[in-house]
Amino acid sequence: MKVCIVGGVAGGASAAARLRRLDEKAQIILFEKGEFISYANCGLPYYIGGEIKEQDDLLVTSPQMLKNRFQIDVRVKSEVVKIDRQEKKITVEDHATGNVYEESYDKLLLSPGAAPKRPQLPGIDSEGLFSVRDVNNTLEIDAYLEKNGVTSAVVVGGGFIGLEMAENLRKRDLDVTIVEFEPQVMAPLDRELANLLHQELIKNGVSLKLGRGVAAFAKKDDGTIAVSLTDNSQVVAGVVILAMGVAPRSELAKEAGLSLGVGNSIAVDEYFRTSDPDIYAVGDAISVKSGVTGAEILLPLAGPANRQGRSAAENMIGRKVSNGKVVYGSSVVKVFDYTAACVGMNEKQLKKAGVSYLKTYIFPNSHASYYPGAKQLNMKLLFAQDGKILGAQAVGMELVEKQIDVIAAVMKLGGTVYDLEELELCYAPPFNSAKSPVNFLGFTAANILKGDMPVFYVEDLPKIDLDSAILLDVRTKGEVAAMGTIPGAVNIPVDSLRAHLDELPKSKEIYVTCQVGLRGNIASRILLQNGYRAYNLSGGFKLYQLMQMEF
């Protein structure tokens with residue numbers, strides 16, 4: 001069997017190595033139009049910031065290693081420009097020699113990846129505007145900063161790459177401004193948790209321009225770039241990093257007459273076959289299936305791409321493997337001292353998809369509170385009436401991704417919030433609490449579903465008529481004096497509540513709040529069992545404060 005693979009990096013290189021391990025006799029040719037066949041895309045911003053110091057550290061696998069160890073014919077600077085499906089041939093341009101030739105195949109794998117979005121705005125081709133694409137491009141950015149003595153930067157886009165570039169440019173002592181069209185950075189998070197990242201960015205000297213886009217760029221006589229925004233304001237910087245997302249590279253597939261899917265991605269079945277049974281596709285160029293809704297979506301992540309490459313290799317030899325087709329979107333980003341991680345869908349996505357959901361917030365410590373160094377986690381769980389987990393988000397300074405990894409595993413295995421309650425996780429004071437944060441998410445979600453903890457949310461506060469209901473703050477009087485309270489709230493500390501029940505008329509609904517929801521649950525249970533109609537504010541006063549923030 002002769003297999004031609006178009007594109008390296010995550011999907012193509014993984015497929016090539018897996019195929020060789022399965023078939024010692026197969027002829028495998030890997031074509032990469034660039035210079036490097038396997039490099040650390042996700043590590044590129046950290047080279048700019050100096051965390052990764054050597055260029056060679058960005059290279060995962062060399063052509064020589066694939067040749068020596070796996071007997072794979074690797075051809076770099078070789079671009080596949082045409083597919084002849086009828087003759088089962090590809091046309092290749094060798095950019096090193098200018099030679100154009102054809103190569104036959106029995107099976108063809110497309111792993112062309114995705115291209116950074118670069119909208120056709122005035123001045124978009126000005127010198128000093130860069131996208132973070134590959135190793136050479138990253139070296140160009142590094143050289144430009146050095147050569148021009150750049151002291152300021154505009155980062156257009158507040159997603160993964162945008163945030164990572166902003167942090168690493170700050171590490172080079174540049175003044176950094178993030179411009180983001182949406183009202184928040186990190187779109188996979190809901191706004192209230194994204195506000196924690198907004199705080200952290202500002203604390204570390206990053207200026208935020210949220211809720212506005214870029215209208216034009218103009219190179220000035222002094223070498224700086226004027227960036228005009230959609231609100232008619234302007235930011236001037238020495239360099240502009242475009243981090244506005246990516247689009248599937250599907251031109252080659254389209255020209256070959258292969259079917260395309262959502263967002264002009266290459267359409268594949270569950271076994272990564274295209275509309276031509278002898279052609280497979282993997283990685284950022286294809287759509288995947290949402291593990292939450294089953295809908296076809298675009299989700300360009302390295303983990304699924306690697307698994308897809310392995311699966312496609314197995315399927316080429318006759319197996320049926322779909323690992324990497326159903327994706328939950330587990331992801332994480334570092335933002336200075338904070339980590340943000342998530343899995344599944346957020347509220348915005350669930351509403352758009354028309355999926356009904358419930359939610360709960362908790363703010364536990366990262367490990368046992370009595371052991372030094374515990375940091376507060378900010379966590380949110382979205383779930384269905386039957387207990388199905390729809391999504392989870394977490395932001396904090398320690399062990400954030402651990403919590404999301406556990407939830408992601410439960411989701412992949414079809415677990416529910418009741419399984420989160422029962423999980424047996426490692427415990428010792430430096431590492432966790434005996435009842436872990438994940439357990440607590442399960443406890444609170446299950447309490448809501450069982451009716452043990454009727455809840456309300458910050459967005460419900462404007463609907464509460466304080467003439468016919470009572471808003472009850474059960475924190476201590478000292479906390480209320482120091483931190484304030486929700487307007488209209490009456491303060492009765494939870495430890496004194498039983499002694500003051502006669503002050504609360506049973507004819508009125510009681511909406512309870514505390515700092516994070518824990519004491520509010522206790523107070524609600526007291527009230528419910530004494531004949532009151534009581535609801536606990538999920539996330540408490542802390543969440544109320546988070547949702548009031550404007551940036």
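Worth knowing before you read on, the calculation uses all heavy atoms, side chains too, and leaves out hydrogens, waters and symmetry mates. What you see is a predicted model, and the numbers here were worked out from it, not measured in a lab.
Contact check on R212 versus D231 returns a salt bridge, with a Lys/Arg side-chain nitrogen under 4.0 Å from an Asp/Glu carboxylate oxygen. Between K77 and D94, no side-chain nitrogen of the basic residue sits less than 4.0 Å from a carboxylate oxygen of the acidic one, so the salt-bridge criterion is not met. Taking a cutoff of 4.0 Å between a charged side-chain nitrogen and a carboxylate oxygen, K359 and E347 qualify as a salt bridge. Taking a cutoff of 4.0 Å between a charged side-chain nitrogen and a carboxylate oxygen, E103 and R75 qualify as a salt bridge. One finds a salt bridge joining E296 and K325 here, because a Lys/Arg side-chain nitrogen approaches an Asp/Glu carboxylate oxygen to under 4.0 Å. Between E314 and R18, at least one side-chain nitrogen of the basic residue sits less than 4.0 Å from a carboxylate oxygen of the acidic one, meeting the salt-bridge criterion. At a threshold of 4.0 Å, the pair E146-R172 counts as salt-bridged, since one of the basic side-chain nitrogens sits closer than that to a carboxylate oxygen. The pair E51-K171 meets the salt-bridge criterion, since a charged nitrogen lies less than 4.0 angstrom from a carboxylate oxygen. Between K89 and D84, no side-chain nitrogen of the basic residue sits less than 4.0 Å from a carboxylate oxygen of the acidic one, so the salt-bridge criterion is not met. Taking 4.0 Å as the cut-off between side-chain N and carboxylate O, K320 and E270 do not count as a salt-bridged pair.
Shown are I72, L109, I28; of these, the side chain to side chain contact (heavy atoms under 4.5 Å, CB included) with L19 is made only by I28. Tested against K334, the residues E164, E401, E167 include a single side chain to side chain donor-acceptor pair (under 3.5 Å) partner, E167.
Residues E79 and H95 have side chains that bring a donor and an acceptor to within less than 3.5 angstrom of each other. There is a side-chain donor-acceptor pair under 3.5 Å between S104 and K2. Judged by distance alone, the side chains of N68 and Q64 do bring a donor and an acceptor atom under 3.5 Å apart. For the residue pair N195/Q184, the side-chain donor-acceptor check at 3.5 Å is not satisfied.
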Item to check | Chi angles and distances behind the ring pair (Phe, Tyr, Trp, His ring centres under 6.0 Å) call for F130, Y144 | outcome: CA-CA 10 Å; F130 296 92; Y144 187 88; 5.3 Å; yes

Next on the checklist: Go through it in stages, so that I can follow the logic: the residues are D278 and K88, the test is salt bridge (Lys or Arg N to Asp or Glu O under 4.0 Å), and I'd like the CA-CA distance, side-chain angles, deciding distance and then a yes or no.
Outcome noted: CA-CA 9 Å; D278 289 320; K88 298 186 76 170; 3.1 Å; yes

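Counting heavy atoms from C-beta outward, L163 and I178 have side chains that approach closer than 4.5 Å. For the pair V155/L169, a side-chain contact is recorded, criterion being any heavy-atom separation below 4.5 Å from C-beta on.
Contact record, S311 with V321: OG-CG1, 3.4 Å, taken as the closest heavy-atom pair.
Listed by first and then second residue, the side chain to side chain donor-acceptor pair (under 3.5 Å) pairs that reach into residues 297-310 are S14-N306, R307-N323, sequence neighbours excluded.
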